[in-house]
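Only one structure is covered here, and it is reproduced in the block below.
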Amino acid sequence: MIKITFPDGSVREFAKGTTGFQIAESISPRLAQEVLAVGINGETWDLNRPICEDATIKLYKWDDEEGKHAYWHTSAHLMAEALQELYPGMKFGIGPAIENGFYYDVDPGDGVQIKENDLPAIEAKMMELVLRKEAVVRQDVSKAEALKMFEAKGDEYKTELISDLEDGTITLYSQGNFTDLCRGPHLPDTSHIKAIKLLSVAGAYWRGDESRKMLTRIYGITFPKKKMLDDYLVLLEEAKKRDHRRIGKELELFMFSETVGKGLPMWLPRGTSLRLRLEDFLKKIQRRFDYEQVITPHIGNKQLYVTSGHYAKYGKDSFQPIHTPEEGEEYLLKPMNCPHHCEIYKYKPRSYKDLPLRFAEFGTVYRYEQSGELHGLTRVRSFTQDDAHIFCRPDQLKEEFLKVMDIIFIIFKALDFENFEAQISLRDPENKEKYIGSDENWEKAERAIVEACEEKGLKARVELGEAAFYGPKLDFMVKDALGRRWQLGTIQVDYNLPERFELEYTGDDNQKHRPVMIHRAPFGSMERFVAVLIEHTAGKFPLWLTPDQVVILPISEKFNDYAYQIAKELFGKDIRVTVDDRNEKIGRKIRDNELKRIPYMLIVGEKEAENGEVSVRRQGEGDKGSMKVAEFSDLITDEVQKMMEQY
RNA sequence: GCUGUUGUAGCUCAGGGGUAGAGCACUUCCUUGGUAAGGAAGAGGUCGCGGGUUCAAAUCCCAUCAACAGCUCCA
């Protein structure tokens, strides 16, 4: 007998070799139906794998990540089985479960292409296989056996994977005629899969290596119920509607022009209005934290970037130097603001009493991003960083770091970004030569970041090898409407640039010392931040931020004069207001302005004109009744003021 | 940068070897209407750009540019 400990702490005895499925069955038939995988001492196992020792157990259902994972992993195998039947000779790369569904990388062979319109046929084949209720069988084999098997099949991808594995750890999973190298775990059979949708097909390099063959990646998702799939597809449609590229067009916030160049966004009046207000907000916060604004040119001598080290690292992949009429002069569009700010630091001798110095600039930078990377406003070739560089003494580093975190938290709170993730990026200890700077400084900087996060109680994921080449960093990311993660705010410690620019201050010992630098940008870039803000709010911006706060809708042209009179009054109180004086019926004007997401609509007709009133309508909520004009302007002013007072 | 898909009116899209279509937006007129689309008429495109095949190309082919999806990259 073996002892099985359940999550609630209870312990029961089972016969040796009992499976997870049998344990679930012993609890309830319903559970046995729903359980997908089982956690054994923290490892996820197949349901039908015999348990031969005492263990703590957890039964995973659809609602558990582990359950979904097994479900989608088996779905990936099912798709592979279907592909094998439809395309004889197809070779298989890897096919994992992912956050939403699964994919399989395959090589259909020379001359064979799988296209989007082939997907329904593959789905149909998968459904056909599901009906066969094939059991998924796990099998341990030796490395030699596995190699022999896949070599016989001619599958060079699998043999490559096997070659990298340790002998004795190799497991295979089979269902029907399909056998795959796989760690598992899997569902006991494929009949659990009820609803299938293959979503897209795209190229993906074998093992993520640019220099190797590009395989065909097929993405799909499956569900235990048809309804769940339908709901998911609706969700995807909804997400598309929040896409900032679409809303940016609808609300006339920004544009691109092929003539100007790809990846070079232009801010339309309404977008600019929104962005400037965000900038003003951050400037206000920064004033409180003793930042000083500076302004630097958009270009800099190439030598500046040779000194900073950016030229050596990114020079080849950048916009190429601008040559002046004068011989031998080369300038770069600035890809970073920091070198300029270092020069500002060097403007005059600095004393330890002057530090920290905090130079802030909304600095527009230019980077030659790969063309395939460009994406709306989130990945562009010219963008404005809400940049600042803090020059401080080493003993001030942690405190300064904490203050920057405060600013970022203020910004995120003010804009209702509660669901951000934080990531500490450290250097890869195996590859120290990729980074510049001394071991000692790296260790100091990394420690400062980790400690700062601990002090703030911030749960941050630690990623090795993700640091910038000059220092470790703390990044804040949020997901866009389609679940893609984007980095917004960033804080980076830098011992390197002060070294390269030979920055100094005089200490209380009258000796020269080297300051530490912090790069930070709470928004990250204005472009990316606004993009994410658009998706976050679906274009319904908070009142204090939105380009148009109020629109006045006269019932008929007879009341246009009254409408303009009120508009003037509100405008005088700093309220952003327009008049919809089109020759349209009121229902039409309401509809159009609802779609423009203007927070307040004021409907004015005979009644209102007589009494000096406005009839108030809130976007998305409807009629709020009528009130005096002054009463309304107070309402707006108060609402904005209340928000601003918090910060 | 790589692989694939797409490119037709301001926007969303249909069509497809015989010199272009819808809805919305726009203009004008009618209507002066009370809380999510009033009516009529009109204007607007050398079908991304450049080659080729053909009697004939927006349609087929090649090249190029851009957008989209994914991969790789991201100071």
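Residue A/Y205 places no side-chain N or O under 4.0 Å from the OP1 or OP2 atom of B/U72. Phosphate proximity of B/C74 to A/Q487: absent, as no side-chain N or O sits under 4.0 Å from OP1 or OP2. For A/K262, a side-chain nitrogen or oxygen approaches OP1 or OP2 of B/A66 to under 4.0 Å. When the side-chain nitrogen and oxygen atoms of A/K589 are compared with OP1 and OP2 of B/G33, none of them lie within a distance under 4.0 Å. Using a 4.0 Å cut-off, no side-chain N or O of A/R379 falls inside it from OP1 or OP2 of B/A67. Taking only side-chain nitrogens and oxygens, A/S200 never comes nearer than 4.0 Å to OP1 or OP2 of B/G70. Within the 4.0 Å cut-off from OP1 or OP2 of B/C68, at least one side-chain nitrogen or oxygen of A/R245 is found. Of the side-chain N and O atoms in A/H375, one or more sit less than 4.0 angstrom from OP1 or OP2 of B/A69.
Residue-level contact check: A/G587 touches the backbone only, with heavy atoms under 4.0 Å from sugar-phosphate atoms and none from bases. Residue-level contact check: A/G208 touches the backbone only, with heavy atoms under 4.0 Å from sugar-phosphate atoms and none from bases. Here A/F256 lies out of heavy-atom contact (under 4.0 Å) with every strand. Residue-level contact check: A/Y103 touches neither bases nor backbone, having no heavy atom under 4.0 Å from any strand. Using a 4.0 Å heavy-atom distance criterion, A/I586 is classed as a sugar-phosphate-only contact. Residue-level contact check: A/S308 touches neither bases nor backbone, having no heavy atom under 4.0 Å from any strand. Nucleic acid contact class of A/E608 (heavy atoms, under 4.0 Å, all strands): base.
Separating the P atom of B/G15 from that of B/C60 is a span of 13 Å, rounded to the nearest Å. B/U54 and B/G18: their C1' atoms are spaced 12 Å apart (whole Å). Taking atom P on both nucleotides, B/G48 is separated from B/C61 by 14 Å, rounded to a whole Å. Separation of the C1' atoms belonging to B/G39 and B/G70 is 49 Å when rounded to the nearest angstrom. Atom name C1', nucleotides B/A36 and B/A40: the rounded distance is 24 Å, in whole Å. Annotation: B/U12 and B/U8 have their C1' atoms spaced 12 Å apart (nearest Å). Comparing the same atom, C1', in B/A57 and in B/G50 gives a spacing of 14 Å after rounding to whole Å. B/C2 and B/C73 have their C1' atoms separated by 12 Å, with the value rounded to a whole Å.
In terms of position on RNA chain B, the residue among A/E584 and A/I555 whose nearest nucleotide sits closer to the 5' end is A/I555. Looking at which nucleotide of RNA chain B each of A/N583 and A/K249 is closest to, the 5′-most match is held by A/K249.
Heavy-atom contacts from other residues, nucleotides or ligands closer than 6.0 Å to CD of A/E606 number 12 or fewer. Around the NZ atom of A/K589, the shell of radius 6.0 Å holds more than 12 heavy atoms that belong to other residues, nucleotides or ligands.
For the pair A/H244 NE2 and B/C68 C1', the computed distance is 13 Å after rounding to whole Å. Between the CZ atom of A/R246 and the C1' atom of B/C13 there is a distance of 13 Å, given to the nearest Å. When rounded to the nearest whole Å, the span between CD of A/E116 and P of B/U3 equals 18 Å. As rounded to whole Å, 14 Å separates atom C1' of B/C2 from atom CG of A/L374. Whole-Å rounding puts the A/Q492 CD to B/C74 C1' distance at 12 Å. Whole-Å rounding puts the A/R582 CZ to B/C26 C1' distance at 12 Å. The CG-C1' distance, from A/D209 to B/U3, rounds to 15 Å in whole Å. In this structure, the NZ atom of A/K558 is 13 Å from the P atom of B/U31, given to the nearest Å.
With distances taken from any side-chain atom of A/E258 to the nucleotides B/C71, B/C65, B/A75, the minimum falls on B/C65. Across B/G34, B/U72, B/A75, the shortest atom-to-atom separation from the side chain of A/I603 is found for B/G34. Residue A/P335 has its side chain nearest to B/A75 when only B/A37, B/A75, B/U35 are considered. Considering only the side chain of A/E373, B/C71 comes nearest among B/C71, B/U35, B/G33. For A/R617, the side-chain atoms get nearest to B/A36 when compared with the rest of B/A36, B/A75, B/G34.
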Report the secondary structure of RNA chain B in dot-bracket form, marking unpaired bases with a dot and bases paired to a different strand with |, and treating Watson-Crick or G-U pairs with both distances under 3.5 Å as paired.
-> ((((((((.[[[[.)..(..]]]].(((((.......))))).....[.[[[..)....]]].])))))))....

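Under 3.5 Å, the side chains of A/D387 and A/N337 contain a donor-acceptor pair of N or O atoms.
A side-chain contact (heavy atoms from CB on, under 4.5 Å) with A/P599 is found for one member of A/E621, A/R618, A/K540, A/E639 and no other, namely A/R618.
Between A/F391 and A/F359, the distance from one ring center to the other falls under 6.0 angstrom.
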Tell me, with the steps shown, if A/M79 and A/E123 meet side-chain contact (heavy atoms from CB on, under 4.5 Å).
-> CA-CA 8 Å; A/M79 180 169 80; A/E123 278 169 22; over 6 Å; no

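Inter-residue side-chain proximity for A/Y314 and A/F469 is flagged as met; some heavy-atom pair is nearer than 4.5 Å.
Shortest non-hydrogen contact noted between A/L474 and A/A422 is CD1-CB, 4.3 Å.
The cationic group of A/R212 does not satisfy the cation-pi geometry with A/Y205, failing either the under 6.0 Å distance to the six-membered ring centre or the 45° limit from the ring axis. With A/Y368 as the aromatic partner, A/R381 meets the cation-pi criteria of under 6.0 angstrom to the ring centre and within 45 degrees of the ring axis.
A/W267 places no side-chain N or O within 3.5 Å of a backbone atom of A/L253 that could act as its donor or acceptor partner.
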